[in-house]
Peer 1: 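Sharing a structure, written as structure tokens. Questions coming.
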Amino acid sequence: MNFEEYKALKSTIEYHMNRYYNEDAPEISDYEYDLLMTQLKTAEKEHPEWVSSDSPTQKVGGVAKREAGVKITHNVPMLSIEDVFNKEDVRAWAEKVLAMHPDAVFSVEQKIDGLSLSLRYRRKESGKMELFVAETRGDGFVGEDTLANALVIPDIKQELDLDCDYLELRGEVYMTHEAFEKFNEIQEQNGKKLAANPRNLAAGTLRQLDPSITKERGLCMFVFNIQDGPQDFMASHADGLEKLSNAGVKTVFHKKCYTIEEILAAIDEIGDMRSELPYDIDGAVVKIDQISYRADFTSSAKYSAGHIAYKYPPEERVVVMDEILVDVGRTGKLTFTGVFHDKEKGGPAMLCGTSVTRATLHNQDYINDMKIGIGGSYKLFKSGEIIPKLNGCVDEPAEVYKAPSLCPVCGEELVREADTADIRCVNPSCHAQLSRTISYFASVNCMNIVGLGETLVDALVKDGYLNSYADIYALRESREELIEKGIIGKAKNTDKILAAIEKSKENDPVKLLTSLGIRNVGNSTSRALMDEFQSIDELANAPVERLTGIMDVGETTASCIYDFFHNDHNMAVIEKLRNSGVNMTMPELSEKGDKLAGLTIVVTGTLPTLGRKDAEKLIADNGGKCTGSVSKKTSYVLAGEAAGSKLTKAQSLGIPVIDEEAFLNMIK
């Protein structure tokens, strides 16, 4: 590995650290992340001159979030534990400990997949101890005090009946599979976004500003360490946990081990528990039981001494393919879903504590490569402990599945796009696409027709009132009939939605263009296009060459735009929209400034005084362009609090980062 590759690897790991620690939204599995860290450690071992204090190997990934609590400096740093991935490394570490301390004893414990919390207790006048600080890890040295939320977690004792003046405990806050599934059931019933996994939801819940929300979501906690306290608590780790357990503190599952073979057996025992536990674990922690011995084994600025964590590979099950479902998306693209059962146990496959019966099969090329077919058996694992994925064929089927040649919804011939694996139904009147297309057209980020949701659109399509999104504007003509049938509701609700439809005619053409559902043309591209063209008609007549001259419009997107406006069916729909009075012309731009002309700015995080929409409008009003993603073409990133991955990417690309004050100075 050369130095440039090393820097790129650091940047990649920093991005994923931020996604995991600060955004609670990892994109890769712990196992994949650990492999990246192993590559980095190997490179730094070969080139120690490359190592700097900002390396991911030298720091903990989180930062304290000021909006969620009061910042607090840890009395005892809350560091990470160094990972190992094979039994040989565990044995080597234990042999090193025993070489220095032949009487060393070990504790092997479950590594709970949650987030760390440190609890500080002090003696009250009554003689009992009270909890007065509950601190998150943050960057390992500074976290945030979330005492109000900790007090509503049932596993956290508010008082301890122990003969101590001061005691500091560290544990892991987590969420059970049952609580996680209950939360997602409620979210689904309310039409809200589902949580990705229990760990992310636990982290977000502990950072809530309202303790009542934390209470209702049912967090749990295991204590796994005594950070500070009297000598009788700090001599033997296992004995200290036993004292806490006797005082009613919920402690992590642990086994005291006297030999290396016992350590390895305990690791296997914990590994065998994984599929049966009501919560997630991602490894087994091995600790020196005699706490005083730990200081003899040096730690870095990131890792605590006297501990290692054995990381299990991702859980896998072998499943048998029962059925392959084909669906047609809003853009006409076919999607494939495999339905299967566990080969060994029958029924759903259990992975990471959840039942899995389906996985996305992506496209025909993927199906061919994986030899997927009815009756075949395949390895199944969870990517990022979240998304089920197949991981290789175990027994080939009698026949590899082949996609249909006709659309399963409308019966029209399907087309495979050149140079892609995508198969599409190109019939614009296909009902599978029609409901989704019209729902998208009416959605909040498009024409924003309040009340015209997917369920109502489905009903109107089924009854023949909608055959394209232009028909939305003809619904007023059927008002009495709609009220009589009760499709939308009674007169009051029907009139309310019809009024919203009328109001949407006034939207600027940016919203209209976004709503048309042209492939690769979202809000930011629509804005860029309508900054260039005065009307939808002018855009419709633009040649591909002119379209590709616009920033962020490549040849593929330009071809999609050109093809859309040169399709007779599409142009007939556009004509119906025009005749219905839908606005297709941009407003006059006489008041637009040019102080940000030629600049592309990304807004991220929470700004002190400006809302995001306000900032984006100021950028556009001053001749600049606002986009949603950071690239090499980005001129500046306007960052506020909790800026997240966009800030990280900007820093890795060397893009200037400005705050609100600097931004406002630019447009004075």
Side-chain angles (χ1 to χ4, degrees), residues 16 19-34 61-62 65 68 109-117 134 136-137 146 149-150 152-156 170-190 192-208 211 213-224 250 252-253 270-271 273-285 309 311-317 348-359 380-389:
H16 289 298
R19 295 286 300 179
Y20 180 86
Y21 286 106
N22 300 323
E23 297 190 16
D24 305 322
E27 294 179 353
I28 61 175
S29 69
D30 290 351
Y31 188 70
E32 292 166 314
Y33 174 82
D34 291 336
K65 298 185 177 181
E109 307 168 4
Q110 292 175 351
K111 188 175 186 296
I112 310 299
D113 192 13
L115 67 157
S116 287
L117 191 69
T136 61
R137 179 161 64 175
T146 57
N149 286 345
V152 299
I153 299 175
D155 291 340
I156 295 178
R170 182 174 172 185
E172 197 82 355
V173 175
Y174 67 96
M175 181 171 280
T176 64
H177 301 144
E178 182 181 1
F180 173 70
E181 289 166 6
K182 179 181 176 182
F183 173 85
N184 271 348
E185 285 174 9
I186 294 171
Q187 290 292 97
E188 191 168 18
Q189 290 168 7
N190 294 330
K192 295 182 179 180
K193 184 179 179 181
L194 303 185
N197 59 40
R199 189 266 169 200
N200 291 0
L201 181 56
T205 299
L206 189 61
R207 290 174 176 139
Q208 289 289 324
I213 296 176
T214 305
K215 183 177 182 178
E216 71 182 19
R217 292 187 186 173
L219 293 181
C220 302
M221 182 175 176
F222 283 119
V223 168
F224 61 71
K250 189 175 176 183
V252 73
F253 173 89
I270 291 172
M273 296 177 182
R274 283 201 291 174
S275 62
E276 306 299 329
L277 292 172
Y279 49 84
D280 291 337
I281 65 172
D282 60 353
V285 180
K311 301 299 284 288
Y312 299 104
E315 268 189 279
E316 278 191 344
R317 299 295 301 171
M350 292 299 296
L351 283 178
C352 306
T354 56
S355 300
V356 183
T357 58
R358 299 185 177 208
L380 177 76
F381 77 109
K382 275 195 175 183
S383 175
E385 307 296 320
I386 304 168
I387 304 168
K389 286 186 179 180

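Quick note: numbers below take in every heavy atom, side chains included, and nothing from hydrogens, waters or symmetry partners.
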Peer 1: How long is the span from the CZ atom in Phe180 to the CD atom in Glu185, to the nearest 0.5 Å?
Peer 2: 11.0 Å
Peer 1: Indicate yes or no: at least one non-hydrogen side-chain atom of Ile112 is less than 4.5 angstrom from one of Phe224.
Peer 2: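 Answer no - side chains too far apart.
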Peer 1: To the nearest 0.5 Å, what is the distance between CE (Met273) and CD1 (Ile281)?
Peer 2: 7.5 Å
Peer 1: Can you tell me if Thr146 and Arg207 form a side-chain donor-acceptor pair at under 3.5 Å?
Peer 2: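 No pair is found: no donor N or O on one side chain lies under 3.5 Å from an acceptor on the other.
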Peer 1: What is the distance from atom CD1 of Ile156 to atom CG of Leu117, rounded to the nearest 0.5 Å?
Peer 2: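 If we round to the nearest 0.5 Å, Ile156:CD1 and Leu117:CG are 5.5 Å apart.
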Peer 1: Passes side chain to side chain contact (heavy atoms under 4.5 Å, CB included), Gln110 versus Arg274? Steps please.
Peer 2: CA-CA 10 Å; Gln110 292 175 351; Arg274 283 201 291 174; over 6 Å; no
Peer 1: Is a side-chain N or O of Asp155 found less than 3.5 angstrom from the main chain of Met221, in a donor-acceptor match?
Peer 2: yes
Peer 1: Taking the six-membered ring for Trp and the full ring for Phe, Tyr or His, determine whether the centres of Phe222 and Phe253 are under 6.0 Å apart.
Peer 2: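 That pair fails the under 6.0 Å test.
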Peer 1: Output the distance between atom NZ (Lys215) and atom CD (Gln208), rounded to the nearest 0.5 Å.
Peer 2: 15.5 Å
Peer 1: Please report the closest heavy-atom contact between Thr205 and Arg217, naming both atoms and the distance.
Peer 2: OG1-NH1, 3.0 Å
Peer 1: Measuring only between side-chain heavy atoms, which start at C-beta, is Val173 closer than 4.5 Å to Cys220?
Peer 2: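 No, too far: nothing below the 4.5 Å cut-off.
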Peer 1: Is any side-chain heavy atom of Glu172 closer than 4.5 Å to one of Ser116?
Peer 2: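 Yes, close enough: below the 4.5 Å cut-off.
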Peer 1: Decide side chain to side chain contact (heavy atoms under 4.5 Å, CB included) for Val223 and Lys250; before the verdict, give the C-alpha distance in whole Å, the side-chain angles of both, and the deciding distance to 0.1 Å.
Peer 2: CA-CA 6 Å; Val223 168; Lys250 189 175 176 183; over 6 Å; no
Peer 1: Quick one: list whatever passes side-chain hydrogen bond (donor to acceptor under 3.5 Å, both in side chains) with Glu316, sequence neighbours left out.
Peer 2: Asn391
Peer 1: Test your reading of the model: is there a side-chain donor-acceptor pair from Thr176 to the backbone of Ala179, 3.5 Å cut-off?
Peer 2: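 Yes: the side chain of Thr176 pairs with the backbone of Ala179.
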Peer 1: Could you tell me which non-hydrogen atom of Ile270 sits nearest to which non-hydrogen atom of Ala284, and how far apart they are?
Peer 2: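 Closest heavy-atom pair between Ile270 and Ala284: CD1-CB, 4.2 Å.
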Peer 1: Using modelled atom types only, decide if a donor and an acceptor are shared between the side chain of Asn149 and the backbone of Leu206 within a distance under 3.5 Å.
Peer 2: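 Answer holds: yes.
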Peer 1: What is the minimum heavy-atom distance between Pro388 and Leu380, and which atoms define it?
Peer 2: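 Here Pro388 and Leu380 meet closest at CB-CD1, 4.2 Å.
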Peer 1: Between Tyr312 and Gly271 (side chain of the first, backbone of the second, donor and acceptor by atom type, cut-off under 3.5 Å), is there such a pair?
Peer 2: yes
Peer 1: As an exercise, state the distance from CE of Met175 to CG of Leu201, rounded to the nearest 0.5 Å.
Peer 2: 4.0 Å
